[in-house]
Amino acid sequence: MQIDALERALTRLGIRMLEEELPEEAHVDGGLCTVGGETLLYISPSAPPWRRAQVLLAAVRRLPHADLWLPPEIRELLQSDDFCDETV
């Protein structure tokens, strides 16, 4: 998984990423939210790389990404029915 490519895609989509520890009771490592009209992506700095990639991929999947250039392996994951689309 190319985490840098996912982060660049989110930046091009106008998403600001904030690394912040989230409350344990939330049981999430991050996700999209809107604060004051701005869409943000919170992500836990302690999330392992595979989980960070999942959070980033889920965020890109939920946004209009058709016109962005993405590496073929990421594009394939975004279009896959096998992608785990759980709440992240």
**Request:** Looking only at non-hydrogen atoms, find the nearest pair between Pro49 and Ile3 and report the distance.
**Result:** O-CD1, 3.6 Å
Pair up each side-chain donor or acceptor in residues 32-42 with any protein partner under 3.5 Å, not counting sequence neighbours, and list the distances.
from, atom 1, to, atom 2, distance (Å)
Glu38, OE1, Arg16, NH2, 3.0
Glu38, OE2, Arg16, NE, 3.1

**Prompt:** Taking atom CZ of Arg12 and atom CD of Glu7, what is their separation to the nearest 0.5 Å?
**Reply:** 12.0 Å
**Complete:** Separation between CZ (Arg62) and CG (Leu78), nearest 0.5 Å, reads 11.5 Å
**Item:** For the student: nearest non-hydrogen atoms of Ala9 and Leu68, plus distance
**Value:** O-CD1, 3.7 Å
**Asked** With sequence neighbours left out, what residues match Glu76 under side chain to side chain donor-acceptor pair (under 3.5 Å)?
**Response** none
**Prompt:** So do Leu10 and Leu63 actually touch side chain to side chain, heavy atoms under 4.5 Å?
**Reply:** yes
**Complete:** Nearest heavy-atom contact between Val55 and Gly31 is CG1-N, 3.9 Å
**Asked** Quick one: CD1 on Ile43 to CZ on Arg52, what's the gap to the nearest 0.5 Å?
**Response** 4.5 Å
**Any residue meeting side chain to side chain donor-acceptor pair (under 3.5 Å) with Thr11, in chain and number order, not counting sequence neighbours** = none
**Message:** Restricting to side chain to side chain contact (heavy atoms under 4.5 Å, CB included), what partner residues turn up for Pro64, sequence neighbours left out?
**Reply:** none
**Asked** Do Leu56 and Met17 touch side chain to side chain, with heavy atoms closer than 4.5 Å?
**Response** yes
**Asked** In chain order, what residues pass the side chain to side chain contact (heavy atoms under 4.5 Å, CB included) check against Pro45, with sequence neighbours excluded?
**Response** Glu19, Glu21
**Asked** Rounded to the nearest 0.5 Å, how far apart are CG of Leu6 and NE2 of His65?
**Response** 10.5 Å
